[in-house]
Amino acid sequence: MNLQAKFTGGRAKTQAAAPPPFGPAFSPEVVAKTETLEIHATSFKDPGTDYCEFRAFDAAGNLVGTIKLEGY
């Protein structure tokens, strides 16, 4: 799995709230806490099914939400 994108500030909140397939549609509570959003994804070389994992972090760097979506 590879880090595909990283967003901070307002862009992280916007992306965290976006509905699939462009975002994870985190709850409003998680979006409010989100200061950094990382998108990790499998590659074609990885075994198993392909997926993206969205990881939301607060200002202190604490993980506040994770959502895994099948596909790219």
Please report the shortest heavy-atom distance between [X] and [Y], naming the atom on each side.
{"X": "Val30", "Y": "Val64", "result": "CG2-O, 3.8 Å"}
{"X": "Pro24", "Y": "Leu69", "result": "CA-CD1, 4.4 Å"}
{"X": "Thr34", "Y": "Ala56", "result": "OG1-CB, 3.5 Å"}

Glu53: what forms a side chain to side chain donor-acceptor pair (under 3.5 Å) with it, not counting sequence neighbours?
Arg55
Which residues pass the side chain to side chain donor-acceptor pair (under 3.5 Å) test with Asn2, sequence neighbours left out?
none
Tell me every residue that passes salt bridge (charged side-chain N to carboxylate O under 4.0 Å, His left out) with Lys13, counting only those two or more places apart in sequence or in another chain.
Glu35
Do Cys52 and Phe54 touch side chain to side chain, with heavy atoms closer than 4.5 Å?
yes
Would you say the side chain of Phe26 lies within less than 4.5 Å of the side chain of Leu37, judging by non-hydrogen atoms?
yes
Sorted by chain and residue number, the side-chain contact (heavy atoms from CB on, under 4.5 Å) partners of Ala5 (sequence neighbours excluded) come out as Phe7, Ile39
Checking Thr42 side chain against Tyr51 main chain: does a donor-acceptor pair fall under 3.5 Å?
yes
Residue pairs fulfilling side-chain hydrogen bond (donor to acceptor under 3.5 Å, both in side chains) with at least one residue in residues 15-28, sequence neighbours excluded
Ser27-Glu29
